[in-house]
Asker: 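Here's a structure for you.
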Amino acid sequence: MRTANTTTTAQPAGPRSVVAYVAALFALAAGLQAVSVLWNNTHPVHDVAWAVLPPLVALLVAAEYFQIRFQYRDDVMALNLFDAVLAPLIVVFPPAVVIGTVALAQAIGAGVRRNQPVKALFNIAQWAVAAGIGSLLYRGVGGDAQPSTAGLAALVLALSAMALSNTVTFAVVIRLAQHQPVRKVAASLAPSILVSWVINTPFAILFVTALHSSQATVVVFAVPLFVLNWASRGYAAARADRARIGGLQQATHVLAQPVDPRDAIGPFVAEVRECFEAECAELVLLAPEGHEIHRADADGIRVVYGPHPLGAALIHAGRAVRLTTTDPASPLAHVLEQAGWRDAAAAPIRSGQRLIGVLCTYNRGGLEGFEEGELAVLEALANEVAGAMYKAELLATILEERRKLGEIVDNTSDGIFTLDPAGVVESWNAAVEQLTGYPAAEMIGTSHLGVLRPRNAAGDDVLFERWADEDAELPTDVQVLTSSGELRWLSCSYTRVPAGDDRPPLLVVVGRDVTKVRELERLKEEFVATVSHELRTPLTPIKGFATTLLEGGDRMSIETRRTAIESILRSAQRLERLILNLLEVSWIESRVVDVRNTSVEVCELAQRVVREFRDAWGEREIRLDLPPGLCHALGSELWIEQILSNLLSNALKYATGTDPVDVVLRQDGDAVELAVVDHGPGIPAEEASRVFERFERLDRTNRQAGTGLGLYIARELAHAMNGTLTLSDTPGHGATFSLRLRPSPSTSHPHTASLV
Ligand code: ADP
């Protein structure tokens, strides 16, 4: 009997203690042999059937060779019928012959199987000792060569003693080689020893009984050996196939589970390892720099990146292969050895015609010798993983497209949302979040569009949620109420997406914020009405007074004539300013203003403008406060004139009382400042920036004619000259507008200020 655990095969080849132990066993065997020889002298065995010795030796070698393998829990056990074949020897031959024959058969068996020398010697000594104990015991308890029940009992006893002897010697060698406690080793060996004993003992009885009836029966002893070996191979092949096919199914299942098969690669490789009972399984994929290696071994699953020479060689091979380090014909054997493996099976992974990786298993365990179907299973697994990789690539492409689309939708300035036929919001992009102030999380999955109070231009409710109704009409212009209570106008377009596979129809609403555009439109309409009115208004006094002067001017007093002429002049100035402003607006709007930065003498300019205004506004006091000497600024003479005219005309127009209006010119090192100061109603601080906008006018000054363009133009022109126009309060009350310009180098330095 021999037990072996092929997944934890004992390697009694190492330490010196093992060698010493084997030597001790040999000494014991020699001692037993000496006892046997002595015993034989006193108890000679008669009628020895020497003719059966050669066939029994042959059967012993065959019994050693034909293993019966079986699964015990997670281990694969192997046993043979050596003990059964040994039984006839013990019965027929004297102990000395038995010991020698067993040692010879073991030596031949070791030679045939090319066992390591220490292992071979151990087996020879182990069996010589067991055979010595068994046959001496048999003879000692009265067993002899004749058939008898007592002889059979003695045989059973002898076989049991041999099993015990083998267990002890084997446990000790494993203890020495692997440093495991004898008790633990013996416990792990016990099941297979028991099974071996249970199988060998009946066969031993059968063989002995048969031999008693006829020596010729020794020939048929080979039959049970062959049959058992054959059955064991069949069982092992079926078991291996079942394990591989089961593993294939399990691994495929693992791969199919997650949406992205890449997530399952680790567990898949672990399944492959399990399926092949291998020490390690790897999926090696070609990566931009080196290899992407998914590895499953006793430490678990992990991904590593880097070079993989064995993987590269196996990918290069381009076909399913099986390798062992002992195969001298294989060019990959040394690469395998360098990688530290004993054997490997590998199948390539293809994407179309392209090789993209390899699926490998290393140091395969389990029953040996049933590898035929294995490569086919590994290839099937490699195809599965190739399919999964292809699916993963497709998925990545789809996700990338979706991401791009999502980014476009999220980054567009147009608000986009979608509704299902029941009016439930299915999507709500970032722009619509911003437009309405309602976040996506609050809107998606609800039909709360009513919070927006959508209205059409006529003020009627717009029912987005009823879009699927046949008579539903959705207007282009929709007014909505934002979460902060602001009213906004959206210009909406609608796309009805018909139902698709498993998807109901959809309404896509794209809304653009046109609040400002609409406001501007309104202001422009007002402006056109104002301008036409403004253009006509000054003409009435001009025509009226001109006619009066023409017809009865001679009869008028100088005073009345002057008033008439002043009125004509004022109206003409107003007309001129209006026309100039309109022209400047179109220039500013089309951005064709060129910066005319010449040196302008502002004192003279201010005097001229003020004079014109004094002429036209004889009853109003306009004071001019100038610095002494000349005062040069950088800019355009026409523009400065226009700014001053706009400011002066506003001061006279809006500060309606009798308070004087001051024009103050100052210069310092940094700037030339021209200020127009009035003592009228002034401009509240919160309106200060608004009055510089296009078409903006304060409500309370609506009675005075105006277009809302004067200050806008003045500031734009000031900026065009790299200057500023600011508004501040006049101490007491009133408004002060200050134009600051860059001084020109020819500016004379101020002494004292002078009032003109
Ligand atoms: P317009 O005078 O044609 O209305 P402007 O752009 O010159 O347009 O002025 C814009 C608004 O600013 C005026 O309608 C008026 O309400 C206010 N405003 C301008 N200047 C003064 C001022 N000196 N005092 C009070 N309000 C003024």
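Both counts, for ligands and for their atoms, begin at 1 and track the order of listing. Since this is a predicted model, take the numbers as computed values, not measurements.
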Asker: In terms of ring plane angle, is the pair Phe692 and Phe737 parallel, tilted or perpendicular, where the classes change at 30° and 60°?
Answerer: perpendicular
Asker: Do ligand 1 and Glu696 have nitrogen or oxygen atoms that lie under 3.5 Å from each other?
Answerer: no
Asker: In ligand 1, which numbered atoms sit nearer than 4.0 Å to a non-hydrogen atom of Leu709?
Answerer: 6 (O), 8 (O)
Asker: When you check the gap from the basic side-chain N to the acidic O, do Asp460 and Arg455 get nearer than 4.0 Å?
Answerer: no
Asker: Tell me which protein heavy atom sits closest to atom 3 (O) of ligand 1, plus the residue, atom name and distance to 0.1 Å.
Answerer: Thr707 N, 2.8 Å
Asker: So does Arg262 pair up with Glu292, basic N to acidic O under 4.0 Å?
Answerer: yes
Asker: If we set the cut-off at 4.0 Å for heavy atoms, which region of Lys653 has an atom near ligand 1: side chain, backbone, both, or neither?
Answerer: side chain
Asker: How far is atom 16 (O) of ligand 1 from the closest protein heavy atom, and which atom is that?
Answerer: Thr701 OG1, 2.5 Å
Asker: Cut-off 3.5 Å, side chains only: do Thr736 and Thr730 have a donor facing an acceptor?
Answerer: yes
Asker: By the definition side chain to side chain contact (heavy atoms under 4.5 Å, CB included), identify the one residue from Thr436, Leu481, Val478 that meets it with Leu452.
Answerer: Thr436
Asker: Considering only protein heavy atoms, which is closest to atom 4 (O) of ligand 1, and at what distance to one decimal place?
Answerer: Arg697 NE, 2.4 Å
Asker: We want to know whether Thr726 and Thr724 form a side-chain donor-acceptor pair, criterion being a heavy-atom distance below 3.5 angstrom.
Answerer: no
Asker: In terms of atom number and element, which parts of ligand 1 are under 4.0 angstrom from non-hydrogen atoms of Leu698?
Answerer: 14 (O), 16 (O)
Asker: Under 4.0 angstrom from ligand 1, any heavy atom of Gly708?
Answerer: yes
Asker: Please identify which atoms of ligand 1 are closer than 4.0 Å to at least one heavy atom of Gly682.
Answerer: 25 (C)
Asker: Considering heavy atoms of the protein only, find what lies nearest to atom 7 (O) of ligand 1 and give residue, atom and distance to 0.1 Å.
Answerer: Asn650 ND2, 2.8 Å
Asker: Classify the ring geometry between Tyr494 and Phe464 as parallel (under 30°), tilted (30 to 60°) or perpendicular (over 60°).
Answerer: tilted
Asker: Would you mind checking which non-hydrogen protein atom is closest to atom 23 (N) of ligand 1, with the distance to 0.1 Å?
Answerer: Asp678 OD2, 2.8 Å
Asker: Is the shortest side-chain N to carboxylate O distance from Glu525 to Arg522 below 4.0 Å?
Answerer: no
Asker: Is Glu400 paired with Arg403 through a side-chain N to carboxylate O contact shorter than 4.0 Å?
Answerer: yes
Asker: Answer yes or no: does an N/O atom from Leu711 fall short of 3.5 Å to an N/O atom of ligand 1?
Answerer: yes
Asker: Check this for me - ligand 1, Pro681, N or O atoms closer than 3.5 angstrom, yes or no?
Answerer: no
Asker: Starting at CG of Leu709, measure out to CZ of Arg694 and round the result to the nearest 0.5 Å.
Answerer: 8.5 Å
Asker: For Leu647, which part has a heavy atom under 4.0 Å from ligand 1: side chain, backbone, both, or neither?
Answerer: neither
Asker: So which protein heavy atom does atom 13 (C) of ligand 1 come closest to, and at what separation?
Answerer: Tyr654 OH, 3.5 Å
Asker: Any salt bridge linking Asp471 with Arg466? Criterion: basic side-chain nitrogen under 4.0 Å from a carboxylate oxygen.
Answerer: no
Asker: So, is Ala735 polar-close to ligand 1, with some N/O to N/O distance under 3.5 Å?
Answerer: no
Asker: I need the nearest protein heavy-atom contact for atom 12 (O) of ligand 1: residue, atom name and distance, please.
Answerer: Val691 CG1, 3.4 Å
Asker: Using a 4.0 Å heavy-atom cut-off, which part of Ile683 comes near ligand 1: side chain, backbone, both, or neither?
Answerer: side chain
